[in-house]
Number of protein chains: 2
Amino acid sequence: MDAVFAALADPTRRAVLQRLLEDGPATATALAPAFPVSRQAVVKHLGVLGDAGLVTATRDGREVRYAARTEPMVEAASWLARAGAQWDARLARLVRQLGPR
Amino acid sequence: MDAVFAALADPTRRAVLQRLLEDGPATATALAPAFPVSRQAVVKHLGVLGDAGLVTATRDGREVRYAARTEPMVEAASWLARAGAQWDARLARLVRQLGPR
DNA sequence: CACATGTGCAACCACGTTGTTGCACAGTAC
DNA sequence: GTACTGTGCAACAACGTGGTTGCACATGTG
């Protein structure tokens, strides 16, 4: 949970994640030019996202293809919903959608 | 948005927030003994939560009473829902609940 | 083989974060 | 006024983060 929120706290990282969600899997090298940082920086970001379970890396020949995962996002949303359900009708509705777990 | 996720990334901070959500407003001094850190540390955490809009501070005599706000939590949940809606049915349902904004 | 290209590793820097302690200051109570 | 208690401010240490660069290594391609 720590790792998930921490990963989402960086704007570049959120942008990388969105890109993977929208355009599908990609390599760090392919991703980097779309962002104002070096390839190495993107690799580090993908590492952080990976530690949080938000992306998976699969090797394909000499390339490493990164893909987004939604599971941790659901869990994060679930935490938010449960924490605030008592005080916010919208979050309470989300709890009913996601289940109390 | 950065500030909200960053604030939620720290476990102590999430615990403080939960405490405020469950037991209602409280002062930093009253809160501190419940956590394994000094009062000053709690004050700093409340400051971070405040910068993210997750708590508000209101002065009452010589005391400062902190209260939780759910608005940023809804926004964070909304970001998660919209980002992953395309790939996760649960998140897509949340988007319908929260509205596309 | 020789060459180009994608990855990985390491060092390094600047800066922010989390936590501490110590002390000053402001209200409240006697 | 004096004493107590809640806040605020500042300095400091330790550590993590985001970013860079440089170079080695692995894997395809001519």
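Every chain is numbered from 1 and lettered A, B, ... according to where its sequence line falls, protein lines coming before strand lines.
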Tell me which nucleotide among [options] gets nearest to the side chain of [X].
X       : options               : answer
A:Ser38 : C:dT18, D:dG8, D:dT20 : D:dT20
B:Val37 : D:dC4, D:dT7, C:dG19  : C:dG19
A:Thr27 : D:dG8, D:dG18, C:dT7  : C:dT7

* **Under 4.0 angstrom between B:Arg39 side-chain N/O and C:dG22 OP1 or OP2** => no

* To do: Ignoring backbone atoms, test whether A:Arg13 places a side-chain nitrogen or oxygen under 4.0 Å from the OP1 or OP2 oxygen of D:dG18.
  =>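 Result: yes.
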
For [X] and [N], what is the distance between atoms [atom1] and [atom2] respectively, to the nearest whole Å?
X       : N      : atom1 : atom2 : result
A:Leu46 : C:dG6  : CG    : P     : 16 Å
B:Tyr66 : D:dG8  : OH    : P     : 5 Å
B:Lys44 : D:dA11 : NZ    : P     : 12 Å
A:Phe5  : C:dT17 : CZ    : C1'   : 19 Å
A:Arg59 : C:dG6  : CZ    : P     : 13 Å

* Asked: Closer to the 5' end of DNA chain D via nearest nucleotide, is it B:Thr29 or A:His45?
  ->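 Result: B:Thr29.
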
* **5' priority, DNA chain D, between A:Gly61 and A:Val42 [closest heavy atom]** => A:Val42

* Asked: With a 4.5 Å limit on heavy-atom distance, are the side chains of B:Val64 and B:Thr27 in contact?
  ->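 No, their side chains stay 4.5 Å or more apart.
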
* So, does the side chain of B:Arg62 form a donor-acceptor pair with the base of C:dG27 at under 3.5 Å? ->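 Yes, the side chain and the base share a sub-3.5 Å donor-acceptor pair.
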
* To do: Would you state whether a donor and an acceptor, one from the side chain of B:Gln40 and one from the base of D:dG8, lie under 3.5 Å apart?
  =>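 Per atom types, the contact qualifies.
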
